[in-house]
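Every heavy atom of this structure was used, including side-chain atoms; hydrogens, water molecules and symmetry mates were not.
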Amino acid sequence: MEGEATRVMVAVNESTIKGYPHASISSKGAFEWTLKKIVRNNTSGFKLLFIHVQVPDEDGFEDMDSIFASPEDFKGMKNRDKIRGLHLLEYFVNRCHEIGVPCEAWTKQGDPKEVICHEVKRVQPDLLVVGCRGLGPFQRVFVGTVSEFCVKHVECPVVTIKRSAAETPQDPIDD
């Protein structure tokens, strides 16, 4: 076991704030916390594993003004979603390469709670780090939380990182 890198899986997602095609506040916070508090200066002692779960659009009309669509419209939407997911992961991979931390990144589709649990079981990281919006009990009833589900169901230690109060958007459900 000596010399083997500690594998830390970091679940990341896109921001829900309209017009903000970047990593969510919680994802960036979880990533930066991981670098600062876990990796520190020991870049060769860790390998970061980034998982981004894309939630498929149920009706396929997320950004369309009309219910009339051609097959090409759906192909375009799927390609757009794939490109956005890759763009998101590129941010984290680039940051890791800048500081010399080995990493891997991939996307999956489905329910984030279920997919993250499945990927933890498949990949078997030493630790899972997830961002948390810090929603109150009333908000959690309606929104649900991926981090809470992961704490209860994954088969490895889980660290949840709440975003700071200064980073909370006007609507706390946004991220």
Side-chain angles (χ1 to χ4, degrees), residues 1-16 22-56 85-169 172-175:
M1 292 295 277
E2 192 174 318
E4 191 175 315
T6 300
R7 296 164 4 110
V8 180
M9 182 180 280
V10 182
V12 298
N13 64 322
E14 281 185 292
S15 175
T16 59
H22 304 292
S24 70
I25 297 164
S26 299
S27 292
K28 279 186 176 180
F31 173 61
E32 294 300 330
W33 183 90
T34 301
L35 292 178
K36 184 177 177 183
K37 299 292 186 177
I38 294 178
V39 174
R40 299 178 185 211
N41 293 327
N42 186 10
T43 56
S44 63
F46 292 90
K47 182 173 190 175
L48 299 185
L49 310 168
F50 297 100
I51 174 76
H52 169 54
V53 182
Q54 294 179 311
V55 180
L86 293 175
H87 179 71
L88 170 69
L89 292 174
E90 182 180 31
Y91 166 79
F92 295 103
V93 170
N94 285 344
R95 282 278 287 124
C96 284
H97 281 269
E98 286 171 6
I99 59 177
V101 177
C103 68
E104 290 179 19
W106 64 98
T107 63
K108 293 285 186 177
Q109 274 198 327
D111 178 350
K113 298 180 294 228
E114 300 294 333
V115 172
I116 292 169
C117 289
H118 178 267
E119 288 298 292
V120 165
K121 191 174 206 164
R122 183 181 72 80
V123 175
Q124 299 182 346
D126 299 301
L127 176 68
L128 172 65
V129 178
V130 291
C132 174
R133 292 178 284 182
L135 301 178
F138 181 72
Q139 292 163 322
R140 284 195 307 258
V141 168
F142 294 103
V143 178
T145 70
V146 172
S147 58
E148 208 170 71
F149 187 89
C150 288
V151 165
K152 293 177 183 174
H153 295 94
V154 298
E155 298 176 358
C156 73
V158 179
V159 176
T160 60
I161 307 301
K162 272 200 317 192
R163 62 185 178 198
S164 72
E167 294 177 313
T168 302
I173 291 176
D174 282 337
D175 194 26

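Using a 4.5 Å heavy-atom threshold, the side chains of Asp111 and Phe149 count as separate. Using a 4.5 Å heavy-atom cutoff, the side chains of Leu48 and Leu35 are in contact. Taking the side chain as every heavy atom from C-beta outward, Leu88 and Val12 approach each other to under 4.5 Å. For the pair Cys103/His97, a side-chain contact is recorded, criterion being any heavy-atom separation below 4.5 Å from C-beta on. Residues Cys96 and Phe46 form no side-chain contact, since every pair of their non-hydrogen atoms from C-beta on lies 4.5 Å or further apart. Annotation: side chain of Ile161 is not in contact with side chain of Phe31 (no heavy-atom distance under 4.5 Å). At a threshold of 4.5 Å between non-hydrogen side-chain atoms, the residues Val146 and Val130 do not count as touching.
To the nearest 0.5 angstrom, His118 atom NE2 is 15.5 Å from His153 atom NE2. Note that CG of Leu49 and CH2 of Trp106 are 4.5 Å apart. Values are rounded to the nearest 0.5 Å. With rounding to the nearest 0.5 angstrom, the CD atom of Glu14 is 5.0 Å from the NE2 atom of His52. In this structure, the separation between NZ on Lys152 and NZ on Lys113 is 11.0 Å, given to the nearest 0.5 Å. In this structure, CE in Met9 is found 6.0 Å from CD in Glu119, a value given to the nearest 0.5 Å.
When the shell of 6.0 Å around CG of Asn94 is examined, it contains more than 12 heavy atoms from other residues, nucleotides or ligands.
Between the side chains of Asn13 and Ser24, a donor-acceptor pair is found at a separation under 3.5 Å.
Taking all atoms of both residues into account, the shortest heavy-atom contact from Thr160 to Cys132 is CB-CB, 4.4 Å. In this structure, Ile116 and Ala11 approach most closely via the heavy-atom pair CD1-CB, 3.7 Å.
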Audit row: Thr6, Ile38, side chain to side chain contact (heavy atoms under 4.5 Å, CB included) steps and yes/no: CA-CA 10 Å; Thr6 300; Ile38 294 178; over 6 Å; no

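Each of Val154, Ile51, Val120 was compared with Pro125 under the side chain to side chain contact (heavy atoms under 4.5 Å, CB included) criterion, and only Val120 meets it. Under the side chain to side chain contact (heavy atoms under 4.5 Å, CB included) test applied with Cys156, the options Leu128, Val123, Leu127 reduce to a single match, Leu128.
A distance-only check finds no donor-acceptor pair linking the side chain of Asp126 to the backbone of Val8 [under 3.5 Å].
The salt bridge (charged side-chain N to carboxylate O under 4.0 Å, His left out) contacts involving residues 31-47 comprise Glu32-Arg95, Lys47-Glu104, where partners must be two or more places apart or lie in separate chains.
Between His87 and His22, the ring planes are tilted. Angles from 30° to 60° get that label.
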